[in-house]
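As the structure lists them, so they are numbered: ligands from 1, and atoms in each ligand from 1. Hydrogens, waters and symmetry mates are skipped; everything else that's a heavy atom, side chains included, is used. In this chain, numbering begins with 1 at the start of the sequence shown.
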Amino acid sequence: MNQLNDILDQDLDPRETREWTEALTGVIRADGTDRAHYLLERMVEETRRAGAHLPFAPTTEYVNSIPPEREAKMPGDGNMEWRIRSLIRWNAMAMVVRANRKPGELGGHIASFASSATLYDVGFNHFWRAPSAEHPGDLVFHQGHSSPGVYARSFLEGRIGEDRLDLFRMEVEGRGNGLSSYPHPWLMPEYWQVPTVSMGLGPLQAIYQAHFMKYLEHRGLIAPSDRKVWCFIGDGESDEPETLGAISLAGREKLDNLIFVVNCNLQRLDGPVRGNGKIIQELEGVFRGAGWNVIKTIWGSYWDPLLARDTSGKLRQLMMETIDGEYQNCKAFGGAYTREHFFGKYPETAAMVANLSDDDIWRLNRGGHDPHKVYAAYHEATTTKDMPSVILAKTVKGYGMGAAGESQNPTHQQKKLDDEAVRHFRDRFQIPIADDKLKDVPYYHPGKDSPEVQYMLERRKALGGFLPQRRTKSSSIAVPDLGAFEQITKGSGEREISTTMAFVRGMNLLLRDKALAPHLVPIVADEARTFGMEGMFRQIGIYAPFGQKYKPVDADQLMYYREDQKGQVLQEGISEPGAMSAWMAAGTSYSNSNVPMLPFYIYYSMFGFQRIGDLAWAAGDMRTRGFLVGGTAGRTTLNGEGLQHEDGHSHLLAGAIPNCRAYDPTFSYEVAVILQDGSRRMLQEQEDVYYYVTVMNENYAHPDMPAGAEADIIKGMYLFKDGGKPKKNEPRVQLLGSGTILREVIAAAELLEKDFGVASDIWSCPSFSELRKDGFDVERWNRLHPMDKKPRQAHVTACLESRGGPVVAATDYVREYADQIRAFVPHGRRYSVLGTDGFGRSDTRANLRAFFEVDRWWIAHAAIAALAADGQMNPEDVARAIKQYKLDPDKPNPLTV
Ligand SMILES: Cc1ncc(C[n+]2csc(CCOP(=O)(O)OP(=O)(O)O)c2C)c(N)n1
Ligand SMILES: [Mg+2]
């Protein structure tokens, strides 16, 4: 760039330059801009061929991309829309100010919506279609903290009453009528479609929603349409890697169903976004480079005559030279300041405004506040083919807030306006509220028969209905019963397989169900081979929007790399946030596209919750349905990969998400039960839950499913092996385990019997987190129902109550995982927990399990120690176990090394 600027700064022969420029102008006049563009590109190519290195200029002039003569004209009544917008602005401001005059520090934002009101209004009035019989509906991502403006519109439309506006940010008090601070489908399931307030997640998800809608179209699951995904983003939000990190996918896949609107108010929370540069230019370069159609909407109509008179190019030069920090000053300090510090820089530009008053200069508006410019931009974006579009709209943060906030650095957090600021706001937007009423900052509704409301309703009717609105249910899809999974509910005999293989087999069994199969979406982030899923490449194909244009290198093989426009597997490349977003798009397709889908995203568990935890949380919020499969999990089971790969804690993270059901199965029939029950709940019953299942890569033989175990597997704990009828004086323990470590538990039971004559009941616990939820729920219920004759019992308590002896648990996860059930182990019973606390490392499984003290010998030792502590065995027995099992008593705690 700098090099290019250097070249452009030197004009060695101005006369020659003029001749070329005039020739080009002639071409434009005679044959149009496309022809001129063609000639220029050819010349650049010629020069490059001659050996010159010509740097690429990713940016254009600092003016609107659409010249006035090419602007599509806005239909409708501009004055009416101004009045409506003013009422919306007022009510949005009022709800925040009123909330903050109550006790309770409720918070809220005024300045952001003040800057984007026009951007939303033009969309609501002219572009965004609600789902209807005629149209599937557009999907709109709102900037999270602009939600007051969206509520204020719904208020005028009669969808939200005054009482509810006063419950903004009071969702407990509101008992279902409250208005959530930001868009949260969990809290307002019939209203908000996508949670957006965690900066960066909205734009990332919008890309994958658009990508997934094309997938559905290509696979013939929805009819092709002109529906769009619109995503509103703050300019500050573009700092997030998630915001820009996936834009090349949208360019590559030519997602012309995707429109970003970046509200460039030049400020973020603390101050300017790019005070020393220009955010619009920076974003233009980034998006153009990624293959987007960039529409800059910088200047409002009042600038048009000035720009038309700018024959010398000085005004354009000035616009380009001025940086955002200075532009912010112009809006903060007003017309006189702008005359002196902006226009005053060159005599030519000073002369241009000599006839304008300071107020006229102040009124020179920014593009994002001019509905005509915004309309033209949206029109172009919605009619652009084969490219996603981004609208870079320049606005003023705190527009209309006057001295209380307009372009002020702290304006983002301004939520309390004093009486003077409220009066100013009323005057500026001509709200008919009398002076003596102003102190209450009352809402203003012009009445449902008013021309304003009638106009709004008519517009929404023409566009198919109200927005936002969210579909909570789609059609139910029948899921085959467990019988269909016989291949994995039956034992594997001598054959040794891993739970990963069992899971993939389970998916393949689902794919055999003709009605269900089209709804399955296997998703990988470049790890299909790791999980043995490469067979699916040929079988159901990898989605490629433009098909496979090359002969794959392995074309002669059975399982070749088959890409297909109708491919079913989503291969998202090495992007866990991307694959997760694709999973969320598929898992919410029941709501957004009225097509239920069941996505399976399979990944290295370590690159799941801890890497994309915020998305996993948003997935719960937006009621995503699907399976997350944490492959090759467990701190000691994924043995060679070491510290960064060995997951010993994802279950704690998963367990914290309220509607995520997490399981750590050991045997293939457990996998089958979880898979069947999960699919049934999500597809057939349409429950708003999602599943996290860890699967391992250790191969071993799998037994038959014990009869009648299904219900307890789902609850999280079932008796795997009965230790037999208790003999007199024979010590007895209850051994618990999950995942691959359950097999160590089973082996420990044999050691205990053989070496110490201790009997064990063995419990498989595929979900300590489900057990914890059940236990606390029961405990809470009992506390609240003291007079009830029959207190409820936690599943853990019920299982262990009639079987004696201390309880010992071991898993391949940190101790906290199994420790979650401590409170529900029957009263007075000892509970010892082993786990893999500490950093992972690479070695053999056997060495790792010895290191983390979760192998059979350590488990047997822990059981003897527990019996000794209970007085049923002696310290000598513990010492013997240490010696016999070659345990090093001076070994450092693995947590510390
Ligand atoms: C991941 C994340 N980090 C921080 C925040 C806190 N936050 C909310 S709004 C905001 C500033 C947003 O600025 P910008 O994107 O420019 O939006 P504007 O309000 O100016 O339209 C910040 C930092 C957040 N919501 N999410
Ligand atoms: Mg901003």
So, applying ring-ring contact (aromatic ring centres under 6.0 Å, His included) with His142, which one of Trp230, Trp192, Tyr182 is it?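 The passing option is Trp192.
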Contacting atoms of ligand 1, where contact means under 4.0 angstrom from a heavy atom of [X]:
X	answer
Val197	24 (C), 25 (N), 26 (N)
Lys397	18 (P), 19 (O), 20 (O)
Asn265	18 (P), 20 (O), 21 (O)
Asn263	21 (O)
Gln143	17 (O), 18 (P), 21 (O)

Within the side chain of [X], is there an N or O that forms a donor-acceptor pair under 3.5 Å with the backbone of [Y]?
X	Y	value
Arg159	Leu467	yes
Arg460	Phe466	no
Lys228	Arg129	no
Ser65	Lys296	yes
Gln414	Ala111	no
Arg470	Pro189	yes

Assess whether side-chain hydrogen bond (donor to acceptor under 3.5 Å, both in side chains) is satisfied between Tyr443 and Asp166, documenting all intermediate values. CA-CA 10 Å; Tyr443 299 118; Asp166 269 343; 2.7 Å; yes
For a distance under 2.8 Å, give residue and atom name for each protein N, O or S atom next to the Mg ion (ligand 2).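 Protein N/O/S atoms under 2.8 Å of the Mg ion (ligand 2): Asp235 OD1, Asn265 OD1, Gln267 O.
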Is Ser115 close enough to touch ligand 1? Criterion: a residue heavy atom under 4.0 Å from a ligand atom.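 Flag not set, Ser115 not near ligand 1.
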May I ask whether Glu240 has any heavy atom positioned less than 4.0 angstrom from an atom of ligand 1?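 Yes, that is the case, since the closest heavy atom of the residue is under 4.0 Å from the ligand.
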Using the side chain to side chain contact (heavy atoms under 4.5 Å, CB included) rule, take Leu258 and Val229 through it: C-alpha gap first, then chi angles, then the decisive distance, then the call. CA-CA 5 Å; Leu258 177 64; Val229 176; 4.0 Å; yes
Consider every N or O of [X] and every N or O of ligand 1, then say whether any pair is closer than 3.5 Å.
X	answer
Arg268	no
Met199	yes
Gly236	yes

Examine Tyr327 together with Tyr62 and report whether their ring centres are nearer than 6.0 Å.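 That pair passes the under 6.0 Å test.
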His372 ring center near Tyr375 ring center (under 6.0 Å):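 His372 vs Tyr375: aromatic centres not under 6.0 Å.
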Glu406 pairs by salt bridge (charged side-chain N to carboxylate O under 4.0 Å, His left out) with which of Lys397, Lys331, Arg428?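 Answer after filtering Lys397, Lys331, Arg428: Arg428.
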Less than 4.0 Å between atom 6 (C) of ligand 1 and some protein heavy atom, yes or no?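 No, there is none.
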His412, Gln413, Glu237: member with heavy atom nearest to atom 10 (C) of ligand 1: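 Residue with the shortest heavy-atom distance to the ligand atom: His412.
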Which residue and non-hydrogen atom of the protein lie closest to atom 22 (C) of ligand 1, and at what distance in Å?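 Protein heavy atom with the smallest distance to atom 22 (C) of ligand 1: Leu269 CD1, 3.8 Å.
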For atom 19 (O) of ligand 1, what is the closest protein heavy atom, and at what distance to 0.1 Å?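 Its nearest protein heavy-atom neighbour is Ser112 OG, 2.5 Å.
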Heavy-atom closest contact (Lys373 atom, Thr297 atom, distance):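 Scanning both residues completely, I find the closest heavy atoms to be CB-CG2, 3.8 Å.
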